[in-house]
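Structure first, then comments.
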There are 2 protein chains.
Amino acid sequence: MSRASDRAFEAIRSMILSGELPAGAQVVEEALAEKCGVSRTPVRDALRRLESDLLVVRTDTQRSFVADWSLDDVADAFELRSILEAEAARRAADQMTEGALARIRDANRQIADAIMKPVPDVGGFLEGNREFHAVILEVAGSRRLASLLGTLIEQPVVWRTAHHYSREALHRSHSEHDELIAAFARRDGAWAKSIMTSHILRAYHAYADAHGLTAEFQQAAE
Amino acid sequence: MSRASDRAFEAIRSMILSGELPAGAQVVEEALAEKCGVSRTPVRDALRRLESDLLVVRTDTQRSFVADWSLDDVADAFELRSILEAEAARRAADQMTEGALARIRDANRQIADAIMKPVPDVGGFLEGNREFHAVILEVAGSRRLASLLGTLIEQPVVWRTAHHYSREALHRSHSEHDELIAAFARRDGAWAKSIMTSHILRAYHAYADAHGLTAEFQQAAE
DNA sequence: AGAGTGGATAATGTATACAAATAGCTCTGG
DNA sequence: CCAGAGCTATTTGTATACATTATCCACTCT
């Protein structure tokens with residue numbers, strides 16, 4: 001990870017996720033190269049990787065821009081997630097081990113800690129949430145499925161809008177995780193699948209609500 | 001498409017799909033550069049793209065190899081396909097238009113032509129099959145879903161082993177397509193979904209059978 | 001005034017040279 | 001004969017210069 005292209009990748013990625021490079025902004029190789037203190041070569045490499053992570057898009061004439069996901073795109077991503085992860089939950093319930101269950105419980109404990117604070121620790125929530133879902137995918141067994149999903153799940157849209165989730169949404173998410181844990185503990189695949197489906201859809205609605213508000217705020221500010 | 005990196009991409013891709021670069025073989029930038037008549041720079045670009053298409057994998061120490069999909073990996077890919085495309089079929093049935101239906105029928109007619117020949121035209125079959133499924137995904141409406149699936153569906157494993165499918169498997173596939181068309185014509189989503197699920201699973205079994213035979217032949221030849 | 005053309009500007013594509021890292025081999029010591 | 005250290009050859013990473021292509025703007029011609 002000490003390679004220049006890796007550093008450039010991380011740097012640009014965090015610029016995008018933090019909003020320093022806003023959605024739709026053109027990304028210019030040389031400007032980023034200077035900013036990262038490397039030459040254009042590793043920056044080009046990093047941009048290709050960000051492109052396959054769907055964080056950057058290129059026009060037909062090779063210009064690169066920060067991906068600007070439409071509401072429909074996001075809806076598609078959530079729908080994919082709900083279909084695939086529900087199936088993963090079903091399989092995970094069948095193959096659940098005590099060790100994995102413990103890791104899942106730990107992840108949800110981390111989420112509990114994060115949301116109990118006076119000011120919710122959104123970073124902690126997201127990290128716990130990532131781990132929670134990652135373990136389920138891992139137990140479900142499909143490595144490629146897991147990596148594909150990972151790309152979608154950690155998309156910047158979700159990341160950025162998580163900060164707009166309401167306190168209620170965070171708590172509801174936590175208690176739904178508890179329900180999933182119960183389903184896993186009983187090895188009840190059908191139950192797990194059903195809960196996961198509504199869990200993801202609820203997350204989508206929380207996103208849509210938050211985004212709607214954000215859009216209004218932005219309009220009002222102009 | 002006249003860029004050197006595009007030409008390199010196509011050239012290397014066809015080397016892989018044709019078997020000229022066999023699964024598991026190391027791919028060396030400079031060797032390919034010379035072969036393609038370009039410098040290493042566009043070859044590096046092409047390799048990154050092939051990597052995100054899952055045709056090339058890299059070790060932790062940056063060496064690149066032609067992807068060598070295990071039977072389990074292929075099973076995962078088929079499973080993903082069955083889950084996602086079944087859902088797509090359900091949605092496509094609800095939103096089917098006459099124009100799309102005509103394209104689907106055309107695609108299956110192309111398949112019929114290909115398999116009726118004295119020596120089945122596998123290339124024609126694959127092309128018709130690609131179009132058949134592409135239209136369904138298109139009608140289902142999710143662009144990102146479609147592009148993700150496209151990557152998986154056209155994987156080299158499937159491509160290469162299609163030549164080993166039995167005559168019966170090709171004909172069965174064609175008649176299952178006819179059944180799907182009937183389901184679409186009736187706008188019967190549940191039916192379409194159910195047929196699609198078994199259609200994909202049957203394709204997987206055909207693959208597994210063909211692969212098993214191939215493995216035996218290879219062993220016998222050594 | 002508007003459409004279209006031309007050239008200046010900015011951005012990306014490509015080649016090449018060199019640096020760094022990895023893999024494979026030989027040689028030594030036990 | 002095996003294990004391990006060190007060297008060599010191979011391969012990839014990075015910087016830089018130059019070529020190519022796209023964009024933008026001013027200018028002309030109708």
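Chain letters run A, B, ... following the sequence lines, proteins first, then strands; residues in each count from 1.
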Quiz: residues 25-32 of chain B side-chain donor-acceptor pairs under 3.5 angstrom, not counting sequence neighbours:
unit_1: E29(B); atom_1: OE1; unit_2: R40(B); atom_2: NE; d: 3.0
unit_1: E29(B); atom_1: OE1; unit_2: R40(B); atom_2: NH2; d: 3.0
unit_1: E29(B); atom_1: OE1; unit_2: R44(B); atom_2: NH1; d: 3.2
unit_1: E29(B); atom_1: OE2; unit_2: R44(B); atom_2: NH1; d: 3.0

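Bracketed by its first and final contacts, the part of DNA chain C lying under 4.0 Å from non-hydrogen atoms of chain B reaches from dG13(C) to dA23(C) in 5' to 3' order.
With sequence neighbours left out, D94(B) forms a salt bridge (charged side-chain N to carboxylate O under 4.0 Å, His left out) with R90(B). Scanning for ring-ring contact (aromatic ring centres under 6.0 Å, His included) contacts around H174(A) gives an empty result, with sequence neighbours left out. Qualifying ring-ring contact (aromatic ring centres under 6.0 Å, His included) partners for Y165(A), counting only residues two or more places apart in sequence or in other chains: none. Listed by chain and number, the residues in a side chain to side chain contact (heavy atoms under 4.5 Å, CB included) with P120(A) are R167(A), L170(A) (sequence neighbours excluded). The ring-ring contact (aromatic ring centres under 6.0 Å, His included) check on F132(B) picks up H177(B), with sequence neighbours excluded. Residues satisfying the ring-ring contact (aromatic ring centres under 6.0 Å, His included) criterion with F125(B), sequence neighbours excluded, are absent altogether. D106(A) is linked by a salt bridge (charged side-chain N to carboxylate O under 4.0 Å, His left out) to R109(A), counting only residues two or more places apart in sequence or in another chain.
DNA chain D is contacted by R40(B), R44(B), R48(B) of residues 38-51 of chain B, taking any non-hydrogen atom closer than 4.0 Å.
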Are there any protein N/O atoms within less than 3.5 Å of an N/O atom in nucleotides 7-11 of chain D, and if so, which ones and at what distance?
none

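The nearest whole Å value for the distance from the CZ atom in R58(A) to the P atom in dT21(D) is 15 Å.
A residue-by-residue look at T59(A) and A4(A) shows that A4(A) has its nearest nucleotide of DNA chain D further toward the 5' end. Nearer the 5' end of DNA chain D, as judged by each residue's closest nucleotide, is the contact made by S64(B), out of D60(A) and S64(B).
Applying the ring-ring contact (aromatic ring centres under 6.0 Å, His included) rule to pairs touching residues 15-68 of chain A yields nothing, sequence neighbours excluded.
Looking at heavy atoms from C-beta onward, L84(B) lies out of side-chain contact with L152(B) at the 4.5 angstrom threshold.
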